[in-house]
Amino acid sequence: RVLDRSVDAPAWAEDVWTLEVELPPGGGERAPVRFSDLPQHPPVERDLALLVGEQQAAADVGAAIRGAGGALLEAVEPFDVYSGRGVPEGMRSIAWRLRFRAADRTLTDAEVDTVIKRVLLRLSEDLGVQQRA
């Protein structure tokens with residue numbers, strides 16, 4: 001809603017807009033802040049382009065990745081969506097960045113490859129999602 005259109009501004013100034021936001025008393029419920037030590041070992045990042053049905057929720061795909069990723073999977077985030085040439089009709093390609101890290105050692109490529117295979121198998125079996133070639 002517009003609160004006040006009469007603002008003392010010079011004639012050359014543009015319109016002034018205001019916004020009113022009502023917040024719940026006490027700021028609402030928030031999870032407690034958790035602190036942890038800074039990592040001592042480097043992460044391993046892998047990008048996966050996945051063919052996902054247009055009606056399939058990306059959140060479901062992300063949850064399946066997290067579920068299959070295990071303890072070494074530190075973060076999962078989508079960073080690109082593409083549909084068009086090279087992607088079958090009714091599908092879209094969602095690119096995900098997966099970050100792996102172990103607290104006690106530097107991960108090997110073989111360890112990460114094993115987890116990636118497990119993630120792709122789970123995606124295929126549970127959601128019908130395939131890796132884009």
Side-chain angles (χ1 to χ4, degrees):
R1 68 182 175 186
V2 176
L3 298 177
D4 188 3
R5 294 289 305 202
S6 61
V7 175
D8 186 21
W12 48 264
E14 295 288 325
D15 289 342
V16 175
W17 296 86
T18 61
L19 173 70
E20 181 179 283
V21 178
E22 292 183 27
L23 299 174
E29 296 292 322
R30 294 188 342 182
V33 176
R34 291 182 17 200
F35 295 96
S36 60
D37 292 333
L38 291 174
Q40 299 298 311
H41 300 281
V44 176
E45 290 188 346
R46 296 283 174 88
D47 294 344
L48 291 178
L50 303 174
L51 291 173
V52 179
E54 288 179 350
Q55 302 305 315
Q56 178 70 50
D60 293 342
V61 176
I65 292 170
R66 283 182 200 86
L72 297 179
L73 183 60
E74 182 178 79
V76 176
E77 57 187 30
F79 67 90
D80 186 44
V81 177
Y82 172 77
S83 59
R85 198 165 109 201
V87 175
E89 191 166 328
M91 305 290 280
R92 67 190 194 273
S93 173
I94 303 177
W96 297 83
R97 178 154 299 131
L98 285 65
R99 185 173 58 234
F100 300 91
R101 188 187 323 251
D104 60 342
R105 67 189 186 288
T106 299
L107 295 174
T108 66
D109 284 338
E111 288 175 299
V112 175
D113 290 344
T114 299
V115 177
I116 293 288
K117 287 177 186 172
R118 186 173 63 226
V119 165
L120 291 172
L121 182 63
R122 168 84 60 88
L123 289 171
S124 176
E125 290 176 349
D126 293 355
L127 302 176
V129 171
Q130 299 295 318
Q131 186 174 13
R132 183 175 170 203

K.L.:
Which heavy atom in Leu73 sits nearest to a heavy atom in Ile65, and how many Å separate them?
P.N.:
CD2-O, 3.5 Å
K.L.:
Quick one: pull up CG in Leu98 and CD in Glu45 and give me the separation to the nearest 0.5 Å.
P.N.:
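Spacing of CG (Leu98) from CD (Glu45) equals 9.5 Å.
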K.L.:
Rounded to the nearest 0.5 Å, what separates atom CG in Leu48 from atom CH2 in Trp96?
P.N.:
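Output value for this atom pair is 10.5 Å.
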K.L.:
Where do Glu54 and Arg92 come nearest, in terms of heavy atoms and distance?
P.N.:
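The answer is O-NH1, 2.9 Å.
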K.L.:
In terms of hydrophobic clustering (I, L, V, M, F, W, Y; side-chain heavy atoms under 4.5 Å; direct or indirect links), are Val112 and Leu120 co-clustered?
P.N.:
yes
K.L.:
How far does CG of Asp126 sit from CG of Asp60, to the nearest 0.5 angstrom?
P.N.:
11.0 Å
K.L.:
Using atom types as modelled and distance alone, determine if a side-chain donor or acceptor of Thr114 lies under 3.5 Å from a backbone N or O of Ala110.
P.N.:
yes
K.L.:
Using atom types as modelled and distance alone, determine if a side-chain donor or acceptor of Arg122 lies under 3.5 Å from a backbone N or O of Arg118.
P.N.:
no
K.L.:
Starting at OG of Ser93, measure out to CD of Gln131 and round the result to the nearest 0.5 Å.
P.N.:
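One gets 10.0 Å once the value is rounded to the nearest 0.5 Å.
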K.L.:
Using every non-hydrogen atom in the two residues, find where Val115 and Gly69 come nearest and quote the distance to one decimal.
P.N.:
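Minimum heavy-atom contact is CG1-O, 3.3 Å.
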K.L.:
Do you reckon Val61 sits in the same ILVMFWY cluster as Val76, going by side-chain contacts under 4.5 Å, direct or chained?
P.N.:
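Shared cluster, yes.
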K.L.:
For the side chain of Gln40 and the backbone of Leu38, is there at least one donor-acceptor N/O pair under 3.5 Å apart?
P.N.:
yes
K.L.:
Return yes if some donor-acceptor pair links the side-chain N/O of Glu111 with the main-chain N/O of Thr108 below 3.5 Å, else return no.
P.N.:
yes
K.L.:
Please check if the side chain of Arg132 supplies one atom and the backbone of Leu50 the other of a donor-acceptor pair under 3.5 Å.
P.N.:
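Looks like no, no N/O pair under 3.5 Å.
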K.L.:
Quick one: does any side-chain atom of Arg101 pair with a main-chain N or O of His41 as donor and acceptor, under 3.5 Å?
P.N.:
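Confirmed, Arg101 side chain pairs with His41 backbone.
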K.L.:
Could you give the distance from CZ (Arg46) to CZ (Arg97), rounded to the nearest 0.5 Å?
P.N.:
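Answer for the CZ-CZ pair, Arg46 versus Arg97, is 13.0 Å.
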K.L.:
Grouping I, L, V, M, F, W and Y whenever their side-chain heavy atoms are under 4.5 Å apart, do Val119 and Leu72 come out in a common cluster?
P.N.:
yes
K.L.:
What distance separates Ile116 CD1 from Leu121 CG, expressed to the nearest 0.5 Å?
P.N.:
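So the CD1 of Ile116 and the CG of Leu121 are separated by 13.0 Å.
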K.L.:
Tell me if the CG atom of Asp104 is crowded by more than 12 foreign heavy atoms within 6.0 Å.
P.N.:
yes
K.L.:
Can you get from Met91 to Val129 by hopping between Ile, Leu, Val, Met, Phe, Trp and Tyr side chains that sit under 4.5 Å apart?
P.N.:
no
K.L.:
Does Ile94 reach the side chain of Tyr82, with side-chain heavy atoms less than 4.5 Å apart?
P.N.:
no
